Peer 1: 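What follows is a single structure, and I will ask about it in a moment.
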Amino acid sequence: MTKKKLLKALFLTALITAGSAFTAFADDSTYITGSKINGYQVGGMTPEEAMQSVSSGSTNYYTLTIKEKGGAEEQIGYQDIDLGTSFSIEAFQEVLDAQNANGRVFGSTVPLNTEIAGTPTYNQEKLEERMNSLSCISQQTKTENARISAYQEGQPFTVLPEVDGNSLDTEHAKAAIRQAINDRTKELDLNAIGVYDEITLRQDDAGLNALAAKMNEIVNISITYSIRGASEVLPGSTIVTWLTGTDANGQIAVNQESVLAYVNGLKAKYDTAGTYRTFTGGSGAQVGLKTVYGWRIDAAGEAAALTAAIQSAQSQTREPVWAKKGNSATMPEWGNTFVEVDMARQHVYFFKDGTVVWDAPCVTGNVSKDYTTPDGVYSIYSKERNRVLRGKLVNGKPEYETPVSYWMPFNGGIGLHDANWRSNFGGSIYKTSGSHGCVNLPPAKAAALYDLISVGTIVVCHN
């Protein structure tokens, strides 16, 4: 081959080689040589390859060091929780698209680094398992304030020393660990973020020692109840067995179950409202009556009041907190001045200071039409002269319109009044021809009763 032909062949070979190199150099599916994303070399990589490289590189070798009380340290490594970073492939594609759009410039003008934000990922179950295995969470010794000892028969109350443990707010600590991992923080000081329980009351506290002395005095006190003429004594020897030390506010703690059980015992013995009771009626016979009227101790209110009385460490005499009170400690609990409506005998009596000073036959609610006058203890809430009584509306008109001269209501629309349309009272009239619930009286008798009673006078109805 001549020299001229050799040179021509070499030129063609170089041209072909250069063309091939230019084709590879100009590949727009990969990043330009020298490109970096998040500090990692990605030149010559596709966006998919780059994303995988950056994702693995950004989490490999990450370790969170946790500083604990007393100087101990523990670690959570990336391999413990399958730590990773989730990136959007679109963000990596945008970097490549920008390079291609700018003519794929090479050399010193190529951007050294592009930052792409990612989302940390980890296996939540593995993280929870790893956190639970940390000594600071799995091996806690409860930090306790100094406190007063529980009651022991024959032993005085004493102040127990505080316990300087390492107990902490577990959920607070775990939340801080998760946040540190999300932020890729390499060190977390649990002491600095206030997760550990702190001692706020020590054995030499003057107030606590004064409380212990006060509790030792309680054994010598007594609380005397005055209830409807009777007395109940709660001795200190019983009270002291209810004391459980001090509460969160540093006050004497009293077992509320014991207090409430005692109060309920008083209720069982002294409550009368809603129970069956007897009294001597105007006829001289014993009358049985069950009514909500009467005495009832307020259990919750009295439990709170008794607790306060115990905490005062002072002997005292007290009356319980009442939810309901009668007018008299004994039957009749409504007092000795009242109207008695004896429906079985169809007779009404007025007691004044315990003596019957007025009585009359009556007609009460019609039993056959289910208008029976209801049992119970009520009171006169109004007195009116010359009133027209009207029944419920039927087809737009009152069921009845009845004028009366003396109206003495005590239970809604039920009252005592004169009934001048009747010629007879008493007997069994009420069973088939009784009233709509009111107590019908002879006119002259109604007039006399009207002058004797006043608003507030008790009315007792019984059958």
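None of these values were measured; they are calculated from a predicted model. Computed from heavy atoms alone, side chains included, the values below leave out hydrogens, waters and symmetry copies.
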Peer 1: Could you list the residues that satisfy side chain to side chain donor-acceptor pair (under 3.5 Å) with T280, not counting sequence neighbours?
Peer 2: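 Listed in chain order: Q286.
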Peer 1: Under 6.0 Å from the CD atom of E384, do we count more than 12 heavy atoms belonging to anything else shown?
Peer 2: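 Enclosed: over 12 neighbouring heavy atoms sit under 6.0 Å from CD of E384.
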Peer 1: For the backbone of T364 and the side chain of Q346, can you confirm whether one donor and one acceptor N or O come within less than 3.5 Å of each other?
Peer 2: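 Yes, because the side chain of Q346 sits within donor-acceptor range (under 3.5 Å) of the backbone of T364.
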Peer 1: Checking the side chain of K369 only, and the main-chain atoms of H436 only, is there a donor and an acceptor separated by less than 3.5 Å?
Peer 2: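 Side chain of K369 to backbone of H436: no pair is present.
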Peer 1: Is it true that T200 and N145 share a donor-acceptor pair across their side chains at a distance under 3.5 Å?
Peer 2: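 Checked: N145/T200 side chains pair up, N/O donor to acceptor below 3.5 Å.
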Peer 1: Quick check against the 3.5 Å criterion: does E68 have a side-chain atom that pairs as donor or acceptor with the backbone of L190?
Peer 2: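 Pair absent, no side-chain N/O of E68 close to backbone of L190.
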Peer 1: Do S435 side-chain atoms and C438 backbone N/O form a donor-acceptor pair below 3.5 Å?
Peer 2: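 Yes; judged by distance alone, with no hydrogens or angles, the pair exists.
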Peer 1: Measure across L168 and A173 and return the closest heavy-atom pair with its distance rounded to 0.1 Å.
Peer 2: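 Taking L168 first and A173 second, the nearest heavy atoms are CD1-CB, 4.2 Å.
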Peer 1: Sequence neighbours left out, what passes side chain to side chain donor-acceptor pair (under 3.5 Å) with K325? Give chain and number order.
Peer 2: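 None.
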Peer 1: K267: what forms a side chain to side chain donor-acceptor pair (under 3.5 Å) with it, not counting sequence neighbours?
Peer 2: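 Partners of K267 by the side chain to side chain donor-acceptor pair (under 3.5 Å) criterion, ordered by chain and then number, come out as D271.
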Peer 1: Show which side-chain atoms of residues 389-405 pair as donor or acceptor with protein atoms under 3.5 Å away, not counting sequence neighbours.
Peer 2:
{"residue": "R390", "atom": "NE", "partner": "E401", "partner atom": "OE2", "Å": "2.9"}
{"residue": "E399", "atom": "OE2", "partner": "Y371", "partner atom": "OH", "Å": "3.4"}

Peer 1: For T143 and E198, which heavy atoms make the closest approach, and how far apart are they?
Peer 2: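 Minimum heavy-atom separation between T143 and E198: CG2-C, 4.2 Å.
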Peer 1: Please tabulate, one pair per line, all N/O donor-acceptor pairs under 3.5 Å involving side-chain atoms of residues 150-158, not counting sequence neighbours.
Peer 2:
none

Peer 1: Ignoring hydrogens and angles, tell me if any N or O in the side chain of R422 forms a donor-acceptor pair with the backbone of L441 under 3.5 Å.
Peer 2: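 Checking the backbone N and O of L441 against the side chain of R422, no donor-acceptor pair under 3.5 Å is found.
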Peer 1: Does N166 reach the main-chain N or O of T141 with its side chain, forming a donor-acceptor pair under 3.5 Å?
Peer 2: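 Side chain of N166 to backbone of T141: a pair is present.
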Peer 1: Take R345 and E340, measure what salt bridge (charged side-chain N to carboxylate O under 4.0 Å, His left out) needs, and give me the verdict at the end.
Peer 2: CA-CA 11 Å; R345 295 175 175 82; E340 177 195 2; over 6 Å; no
Peer 1: So, for G437 and I414, which heavy atoms are closest and what is the spacing to 0.1 Å?
Peer 2: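 Answer, listing the atom of G437 first, then I414: O-CG2, 3.2 Å.
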Peer 1: What is the distance from atom NZ of K431 to atom CG of N366, rounded to the nearest 0.5 Å?
Peer 2: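 The distance works out to 12.0 Å.
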Peer 1: Would you check if the side chain of K383 reaches a backbone N or O of I453 as a donor-acceptor pair within less than 3.5 Å?
Peer 2: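 Yes, the answer is positive, given that a donor and an acceptor are paired below the 3.5 Å cut-off.
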Peer 1: Relative to each other, are the rings of Y262 and Y225 parallel, tilted or perpendicular (30° and 60° limits)?
Peer 2: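 Taking Y225 first and then Y262, their aromatic rings sit tilted (interplane angle of 30° to 60°).
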Peer 1: Just say parallel, tilted or perpendicular for the rings of H462 and F279, cut-offs at 30° and 60°.
Peer 2: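 Because their plane-to-plane angle is over 60°, the rings of H462 and F279 count as perpendicular.
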Peer 1: Keeping the roles fixed (side chain from K445, backbone from D359), state whether a donor-acceptor pair exists under 3.5 Å.
Peer 2: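 Answer holds: yes.
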Peer 1: For the residue pair W322 and W295, does the interplanar ring angle fall in the parallel (under 30°), tilted (30 to 60°) or perpendicular (over 60°) class?
Peer 2: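 W322 and W295: perpendicular rings.
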Peer 1: Answer yes or no: are there more than 12 heavy-atom neighbours, outside N386 itself, under 6.0 Å from its atom CG?
Peer 2: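 Result for CG/N386: enclosed.
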Peer 1: Should the pair H347 and Y349 be assigned to parallel (<30°), tilted (30 to 60°) or perpendicular (>60°) ring geometry?
Peer 2: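 Answer is tilted, since the angle falls between 30° and 60°.
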Peer 1: Of the non-hydrogen atoms in V363 and N424, which two are nearest, and what is the gap between them?
Peer 2: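 That would be CG2-O, 4.1 Å.
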Peer 1: Could you work out, with side chain to side chain donor-acceptor pair (under 3.5 Å) as the rule, every residue matching N327, not counting sequence neighbours?
Peer 2: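 Listed in chain order: Y293.
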Peer 1: Is a donor from one side chain sitting under 3.5 angstrom from an acceptor on the other, for T85 and R184?
Peer 2: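 Yes, side-chain donor-acceptor contact under 3.5 Å.
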Peer 1: Determine whether a donor-acceptor pair (N or O, by modelled atom type, separation under 3.5 Å) exists between the side chain of N113 and the backbone of N38.
Peer 2: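 Yes; at least one donor-acceptor contact below 3.5 Å.
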Peer 1: Step by step, would you call D197 with K69 a salt bridge (charged side-chain N to carboxylate O under 4.0 Å, His left out)?
Peer 2: CA-CA 11 Å; D197 297 331; K69 188 174 182 177; over 6 Å; no
Peer 1: Let's go through T272 and E333 carefully: what are the C-alpha distance in whole Å and the side-chain angles of both, what is the deciding distance for side-chain hydrogen bond (donor to acceptor under 3.5 Å, both in side chains) to 0.1 Å, and is it a yes or a no?
Peer 2: CA-CA 9 Å; T272 61; E333 292 175 339; 2.9 Å; yes
Peer 1: Please report the closest heavy-atom contact between L449 and L416, naming both atoms and the distance.
Peer 2: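 Between these two residues, the closest heavy atoms are CD2-CD1, 4.2 Å.
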Peer 1: Under 3.5 Å, side chain of N216 to main-chain N/O of A212, donor-acceptor pair present?
Peer 2: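 Yes; judged by distance alone, with no hydrogens or angles, the pair exists.
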Peer 1: To check you understand the geometry: which heavy-atom pair defines the closest contact between N264 and A299, and what is its length?
Peer 2: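 Reported closest heavy-atom pair: OD1-CB, 4.1 Å.
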